[in-house]
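Here is the structure we will look at.
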Amino acid sequence: MCRSYISLMRGLKDLDLRGPYIPSDLVLIGDHAFPLAMNSRGQVLMAASLYGHGRIVVLGHPKQNTLLLFEGNKVSGVAGIYFSEHQGDAEYMPVYPQIPSSWMAVVIGKDFDDDLEFLLEGISEFDLQNGVVASELLIHGPLAFPIGTTDDGRAFLAGAYYGQGQVVVITHEGLLKRETLAPFFNNAIRWLDEGRNGVVGVVPDLHEAFNLVHKSGFNCKKTNFREDLSVFVCTAYCNEHVKEIQDFVAEGGGLLIGGHAWYWAQTHHGQNPMTDFTGNKILNKMGLSLLEKIIGEGSYKAPVPSQAIKDTYHFRHLLHRFAGHVSEGEELTAHEEECLKKLGGDCANYLHMKAHDCSSYTQVVSTLTDILKKSGMPQVSDSCPTKSPRDHLLLNVGTEVYKVCPDPDDLLPYLMKNNPLMPVVYNHRIKIHVNTAGGEEWISTGLYLSPGMKTFLAIPAEIVNKGWQIQIGCQTDRLHAEELKRAPCVHERFPVTSEMMQVWNLWGGLLYLVAPPKTQVNGLEVIVQMAVPAPYYKSGVTTAADWSLLRTAPSPWAELEFDNIILTVPSDVVQDLDRPEELATGGMLWLMGVCYRFIYVESCFFLPFYPGWMHAGYPIMTHRSTSAELVSTDHARSKGLWGPIHELGHNQQRACWEFPPNTTECTCNLWSVYVHEQVLGINRAKADPIMTLTKRKARAEEYAKGGRKLSSWDTFVALETYMQLQDKFGWDAFKRVFDAYHKMSNFPNDNHGKMNLYAETFSQAVGMNLAGFFKAWGWPIQTATEEKLSKLPPWSDHPMVQFA
C-alpha cells in the first residue's frame, strides 16, 4: 500500500478541496483500502484500494448518503471503500510522504439503528442456556456492530458489512440449531439475503440447522460452498474456501457463521488464535474475531435498537473516545472509565492480528502509539501498584504495541522510564544436553536481556523448525488481578525458524531455550551474540570459584539449578549465599528427591513476583517476599516451608486419585506434612497449627455430627481422612499406593468410581479391609467393592468409630 500511495501522490504537495461541493466522509474497511487525503478532523475525503487485479480511486461526493442504496457503494464497496451519510469538511490539505493517519479516524462508520430494527424484530432475549459454552467476540471493524451481548458488554452475536455483502456471527455452532433462536435466524437470513429470495446453502454437518431453515420456508439446500448461493450457512472450523467465502461476501453474498475459538486455543498451544484459527482467517477482514475467552451460559436480553450502539461497549468507539481523552482532554463517562480495562485486553487481542498490510490496522497501531507517547506507561512495581482501569489498559497496550509498531526503539523511552545500561558479554556459547521424555523443558542460558535489548542467537541447523523456542522472561503467567504490580504479561517466546534468530522483549528477562517434548540432543552449541550475565549456579558444573564471581553478576534475576528443581529468585538474595550446594542436602533439593521416590515428578521452578501469594504449575509462582526463605536452609529447618511445599504437592496430584473439588486443596498437603516431619524434623502441628491433635479431632467430630456429607468433606477435613490412614499405616503405605496407581490404566472418570478404586487400592496395599473406615467418612463405597475386600481382615477400631 505504501508504494501505491507514493505512486498516486507523486508530484503533489497539497490538495485544495474547498469549494461549493460538500464531500462525503469515506469509510474504509478493506484490507487493501487506504486514505489518500484526510482532513484535520480525521475524515477521509479521498481513498484508493486494490481489489483482485484492479485498482480504484474514490473521491467523496454522493447525492445519496446511504450505505446500501447509494449506487457508488455498489462499485467501491467491493474494494472496501464506502461513501457514508456523513458530510466531510472540505479543506486545503497537505500531501503527506506516507499514508495519513489520525486518532480521529478510528470511528464507527454507521449507527446501525435500521439494521438492528430489522434483525431484532420480535426478539426479546437470546437463549444461551443448557450447556452452551460460547466464545466472546471482538467487534473491531468500522462497519461491524454488536447484536447480542452479556450484561457487562461482552458480545456473542454480531453483524457486519463487508464489500457489497453482509455477515452475521454467532459464537457457538450449536446455537444455529436451537429452536428458541429460530426467529432471530429467520430475520438474519432475510437481512443477509437482501430481498433476492435466493438459495440458502447450509453445510451438510449442520443438519438440524438446515431443518430449522427449511421449516421457516426458505429455499435452502444442503451443500458445501457454492458461488451461486444467496446466503451461505457454515461453521468456523473448515479450512477450505476461506478466500472464496470472503470474495463471495464482498461481491454481495450473505454469510451466517457459527463457532467458538476457546477449545481450539486450548488444544493448539503456542499458536495464535487471531491468525491461525480458521474462523478468524475468514472473519478478521470483516471486522470480527472469535476470542478464546468464554461467554457463560444464560439468557440475555436483546438490546433496544435506538440505544444499542450508544449503550453497548464497542471497541472502535471507546478507542476513539480514549484517544480524545488523552489527546484533547475530553471527559470520559463513568461507564467508559469502567470499560477501559476491557478495552486494553481487546486492543492486545486486536494487535495479535499483525495485519500490517491493512490500513485500518495501521490506523489503530498509530493511534495507540500516539496515546502511549502522550500519556506514557505506568511504571508499576511492588512499591507502586495500580488498580485503575486506565493503567490496566496502558500496561496491556504498551506491551503489545511495542511488538508491532514500526519503530519500537523510538517508543521504548515512553514505556520504560528507568532502563540503565548493564555490562554485557559477547558471543556466549551454550552447550545443549536434553532428553525430554515427557513435556517441554526450559534450558537456562545463565543470561539476561535488559528491557528492549535486542540480541541474535546462532542456532544449530539440527533444531531449526523442530518445535524449539526461545523464551525471554521467567514469569509466564498472564495476570487478571485487580491490583497489578507488574504488567499482565511480561514474557515473550519466539519459535526457532532459522539459524540466525533476533529476539527481544519489552520487559527484558532471563533467556531460555525451550526444548519440545520427546527430544534428545547432546552437545549442540548455541551462540548468543550479546547479553547481560546472570548469577547462575548449576549443581555439579559450577565450581566454588566460578560462583564467587557469578553471584554478583548484574542481572536482577538469579537461578540455582539442581537435579530436580530450579530456583529463580531476585539476585540480591543470593549475593551472600556462599555455598549453594548446601541447598542440595538441607534446603530444597531433598524435597524433589523425596517426592521422586514418593510419586513421579517433573522439574519445577519457584519464580517470585506474583500478585496473589502462590500458585502451582510449570513453573510454580510465588511472591517476591518469600525469595530469601527459599534459599535459606536455616529458615527451612526452623520455620518450615509449608506454602512452597503445598504448591509442589499440587504438581504431584494425579487425576486418577483426586476427587475434585473436594481434594484439590487437600492431598497436596500430604507433601507438606511428609517433608516437614521426615526431612526437616518439624512436627506437623508446628508446621501448621491447624494440624494439632485437638483441632484434628474437632474437625472429624464436627463432620460426623453434621451427617458425614461429602459436600463438607474438603481441604483440612478431607486431609484428616488421609492423616488417620498415615497414623495407622505410615508413609510407606502411601508409597505402595502410588506405586500401584503408576502401574494401572483405564481409570474411572467419576468421583464415585475413583473413590471406590482408592479404597480398594489402599486396602490391598496394607492387607486390611478399609471399606468400613471409608464408609464412616461418607464415601460411596459400593457393594462390589466390599465383596472384593471381604477376605481381608477389617479395620474395626478405626478413629471414626468413636463418633458412631
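Any value given below was found using the heavy atoms of this structure, including those in side chains, with hydrogens, waters and symmetry copies removed.
- Residue Ser230 is tested with Asn219, Asn197, Asp193 for a side chain to side chain donor-acceptor pair (under 3.5 Å); the sole match is Asp193.
- Evaluation of the ring pair (Phe, Tyr, Trp, His ring centres under 6.0 Å) rule for His140 yields Tyr350 as partners, not counting sequence neighbours.
- For the residue pair Pro780 and Leu710, the shortest heavy atom distance occurs at CD-CD1, 3.9 Å.
- Scanning both residues, Ala144 and Leu288, for their nearest heavy atoms gives CB-CD2, 3.8 Å.
- For the residue pair Leu343 and Tyr313, the shortest heavy atom distance occurs at CA-OH, 3.4 Å.
- Atom CG of Asp228 has more than 12 neighbouring heavy atoms from other residues, nucleotides or ligands inside a 6.0 Å radius.
- Note on ring orientation: taking the six-membered ring where Trp is involved, the planes of Phe184 and Phe126 are perpendicular (angle over 60°, cut-offs 30° and 60°).
- Judged as a salt bridge (charged side-chain N to carboxylate O under 4.0 Å, His left out), not a single pair has a partner in residues 286-300 (not counting sequence neighbours).
- Nearest heavy atom pair, residue Gly344 against residue Asn396, reads O-CB, 3.6 Å.
- Ion pairing of Glu337 with Arg321 is absent here, as no side-chain N (NZ or NE/NH1/NH2) approaches a carboxylate O to less than 4.0 Å.
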Ring pair (Phe, Tyr, Trp, His ring centres under 6.0 Å) assessment of Phe225 paired with Phe232: CA-CA 7 Å; Phe225 176 74; Phe232 183 48; 5.5 Å; yes
Just distance, no hydrogens or angles: give the donor-acceptor pairs under 3.5 Å from side chains in residues 208-215, sequence neighbours left out.
| residue | atom | partner | partner atom | Å |
| --- | --- | --- | --- | --- |
| Glu208 | OE1 | Lys177 | NZ | 3.3 |
| Asn211 | ND2 | His207 | NE2 | 3.4 |

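- For Trp191 (side chain) and Gly254 (main-chain N/O), no donor-acceptor pair under 3.5 Å exists by modelled atom type.
- Identified under the salt bridge (charged side-chain N to carboxylate O under 4.0 Å, His left out) test for residues 153-174, with sequence neighbours left out: Asp152-Arg154.
- Counting only residues at least two apart or in different chains, salt bridge (charged side-chain N to carboxylate O under 4.0 Å, His left out) contacts with residues 125-150 comprise Asp127-Arg178, Glu136-Lys342.
- Applying the ring-ring contact (aromatic ring centres under 6.0 Å, His included) definition to pairs two or more places apart or across chains, those involving residues 274-301 are Phe156-Tyr300, Trp264-Phe277.
- Under the 30°/60° scheme for interplanar angles, the aromatic rings of Tyr361 and His356 are found to stand perpendicular.
- The backbone N or O of Glu658 lies less than 3.5 Å from a partner atom in the side chain of Lys754, making a donor-acceptor pair.
- With rounding to the nearest 0.5 angstrom, the CG atom of Leu229 is 11.0 Å from the SG atom of Cys220.
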